[in-house]
Amino acid sequence: MGDESPAGRLRAFLSLSASFVSFVLALCAIFLPPRLAADLGAGRLTQVVTGPLSRAQLLLSWWLGTSAVLILLAVFGYALIGVGAELVLRLGRDEERVSTEILRQHVLTARTIARAEVPSEDAFQEAAEARFQALAAANRLGPDVDPEQILGQIRSTLELETRSLAPGQSKTWHISDLDLSGESLVLNFKVDGSWPKFVPMNMRVLPLQIVIGVGKEQLWAPGPGLYKSGQSYSIDVPVEQVRGHETLEVSFRNGSANQGTVVFPRRGPELAYPAGGFLRNLVRATWVEVSRLLFLVAIGVIMSSLFDGKLATLAVLWVVALGYGQGFLSESLRPGLFGAADAAILPFLRGVLWAIPDLGRADIGAALAGGEAIQSGWILGSSRDVFLRTPIMLAIGAFFFSRRELGAVR
């Protein structure tokens, strides 16, 4: 149901269905290739590789055949997402009577998202350490405090302060690298709020004044409005009034009279401009998904040609874990982690992370649900995985497979 609005239901469908399709396809990529190990172990392919096909050709053909099946499944799955989105769009209209064209424009139109500039985690950490030192110098910390726990609490408080607006306060976000040559511009933001307990539920709304400008120059303001806590909003911005600027400032003023505090998400507001239709975006998402599958199938086929099916499946699961956890692993590989063994272990681990692509680089479900165009960086990275990493892996696998002794297990 999302946030129970028509747009929220459509976004929830896109996010959940894309995640479900990706999950099912990943399972297929993990558990289909080990069939090769079963046939090799049973001796059913021994005569094939000693006759008409070389071992390298067998490996390649098995990868191509399994990949073809998964490509068809991926195309079918993402086609169903497109059909389902259209059905939700046409059949999901309720008492709010939201126009299908409005939903199509704000949810299904692929857009490039320009995000607000927000402080980095390092900046929050430095500010938290400075405040911690000030508290320690003033003897305001107890003797038995856990420094790491206190630092974490201070950092969380600072981060929350940067995106919270008490009544009467204003905050401005800077959004740069805009391309306003198109015919439309949309402001996306989400608000949450907190109120004292004595404020009735029916009065817990967030009155906000929104202003878009450059410096002290006000370019456009939609006027005061009331916004519900926990909902996402998309507001059309007259692009003619802001055209000609590559950087804009988006300001919000909390006009609450009932002591309500406005809380924005960590990333703040966004400005979105057109970058193609929904069908084009769905095709780009399909390619990103297919590239993951082709690499995983290559790993599965290689492992199945060298080991038995269970071990091959375990190896692919290990690659999946590394691929989706690459961001965490990259941050954890800092000097001094392994002590004296750093010189030998760190280069090896970095080589492993280079060989295994970042499978979690593209959050397709979030992009489709947010009306965000599949990024060119994702497309480039996916193409590199297919045309560079996958052939290298297959060549290495064929080299070792050609030296394996074949025979039926009896």
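What you see below is based on every heavy atom in this structure, not just the backbone, and it leaves out hydrogens, waters and symmetry mates.
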Open item on the list: Rounded at 0.5 Å granularity, tell me how far CG in L72 sits from CG in L70.
Closed with: 9.0 Å
Open item on the list: With a 3.5 Å distance limit and no angle check, can you tell me whether R55 reaches the backbone of F401 through a side-chain donor-acceptor pair?
Closed with: yes
TODO: Identify the heavy atoms of S304 and L40 that sit nearest to each other, and give their distance.
DONE: O-CD1, 3.9 Å
Open item on the list: Go through it in stages, so that I can follow the logic: the residues are W195 and M203, the test is side-chain contact (heavy atoms from CB on, under 4.5 Å), and I'd like the CA-CA distance, side-chain angles, deciding distance and then a yes or no.
Closed with: CA-CA 10 Å; W195 293 264; M203 295 182 60; over 6 Å; no
Open item on the list: Between R266 and E159, does any NZ, NE, NH1 or NH2 come within less than 4.0 Å of an OD or OE carboxylate oxygen?
Closed with: yes
Task: Working for side-chain contact (heavy atoms from CB on, under 4.5 Å), residues V239 and S184 - done: CA-CA 6 Å; V239 70; S184 64; 5.9 Å; no
TODO: With E372 as reference, evaluate R115, R284, R111 under the salt bridge (Lys or Arg N to Asp or Glu O under 4.0 Å) test and give the passing residue.
DONE: R115
Task: By side chain to side chain contact (heavy atoms under 4.5 Å, CB included) - contacts of P224 (at least two apart) - done: Q209
Open item on the list: Can you tell me if F198 has over 12 outside heavy atoms packed within less than 6.0 Å of its CZ?
Closed with: yes
TODO: Give the minimum heavy-atom separation between A29 and V297, together with the two atoms involved.
DONE: CB-CG2, 4.2 Å
Open item on the list: Is any side-chain heavy atom of L317 closer than 4.5 Å to one of I30?
Closed with: yes
Open item on the list: Run the side chain to side chain contact (heavy atoms under 4.5 Å, CB included) test against V242 and tell me which residues pass, sequence neighbours left out.
Closed with: L180, L185, I212, L219, V237, L248
TODO: Say whether Q125 and E121, considering side chains only, have a donor N or O and an acceptor N or O under 3.5 Å apart.
DONE: no
Task: Main-chain N/O of F399 paired to S402 side chain as donor or acceptor, under 3.5 Å - done: yes
TODO: Mark yes or no for whether N254, through its side chain, and G260, through its backbone, hold a donor-acceptor pair below 3.5 Å.
DONE: yes
Task: Chi angles and distances behind the side-chain hydrogen bond (donor to acceptor under 3.5 Å, both in side chains) call for T247, S176 - done: CA-CA 4 Å; T247 300; S176 56; 4.8 Å; no
Task: Heavy-atom pair of closest approach, residues V301 and L36 - done: O-CD2, 3.7 Å
- [ ] Mind jotting down which residue pairs meet the salt bridge (charged side-chain N to carboxylate O under 4.0 Å, His left out) criterion with at least one end in residues 168-190? Sequence neighbours excluded, please.
- [x] none
Open item on the list: Tell me if a side-chain donor or acceptor on D385 pairs with a main-chain N or O of R292 at a distance below 3.5 Å.
Closed with: no
Task: Neighbour count above 12 (heavy atom, 6.0 Å) for Q153 CD - done: yes
Open item on the list: Does anything in residues 256-300 form a ring pair (Phe, Tyr, Trp, His ring centres under 6.0 Å)? List the pairs, not counting sequence neighbours.
Closed with: W173-F264, F252-F264
TODO: May I have all residue pairs that pass ring pair (Phe, Tyr, Trp, His ring centres under 6.0 Å) and include part of residues 212-245, sequence neighbours excluded?
DONE: F189-Y227, F189-Y233, Y227-Y233
Task: E126 with R155: basic N within carboxylate O range, under 4.0 Å - done: no
- [ ] Decide whether S234 and N188 meet the rule of one side-chain donor and one side-chain acceptor closer than 3.5 Å.
- [x] yes
Task: Note, L158 side chain near I154 side chain (heavy atom, < 4.5 Å) - done: yes
TODO: Heavy atoms only: give me the nearest G323-D358 pair and the separation to one decimal.
DONE: O-OD1, 3.3 Å
Task: Shortest non-hydrogen contact between I356 and W318, atoms and distance - done: CD1-CZ3, 4.3 Å
TODO: Taking all non-hydrogen atoms of both residues into account, name the closest pair between Y78 and A18 and its distance.
DONE: OH-O, 4.4 Å
Task: Whether T390 side chain and F387 backbone form a donor-acceptor pair below 3.5 Å - done: no
TODO: With side-chain contact (heavy atoms from CB on, under 4.5 Å) as the test, would you mind laying out the steps for L293 and I71 before giving the verdict?
DONE: CA-CA 8 Å; L293 299 175; I71 289 172; over 6 Å; no
Task: Identified side-chain contact (heavy atoms from CB on, under 4.5 Å) counterpart of E289 within the set L25, V21, L73 - done: L25
Task: Stepwise side-chain hydrogen bond (donor to acceptor under 3.5 Å, both in side chains) test for S120 and D122 - done: CA-CA 5 Å; S120 65; D122 291 339; 5.0 Å; no
Task: salt bridge (charged side-chain N to carboxylate O under 4.0 Å, His left out) contacts touching residues 222-242 (sequence neighbours left out) - done: none
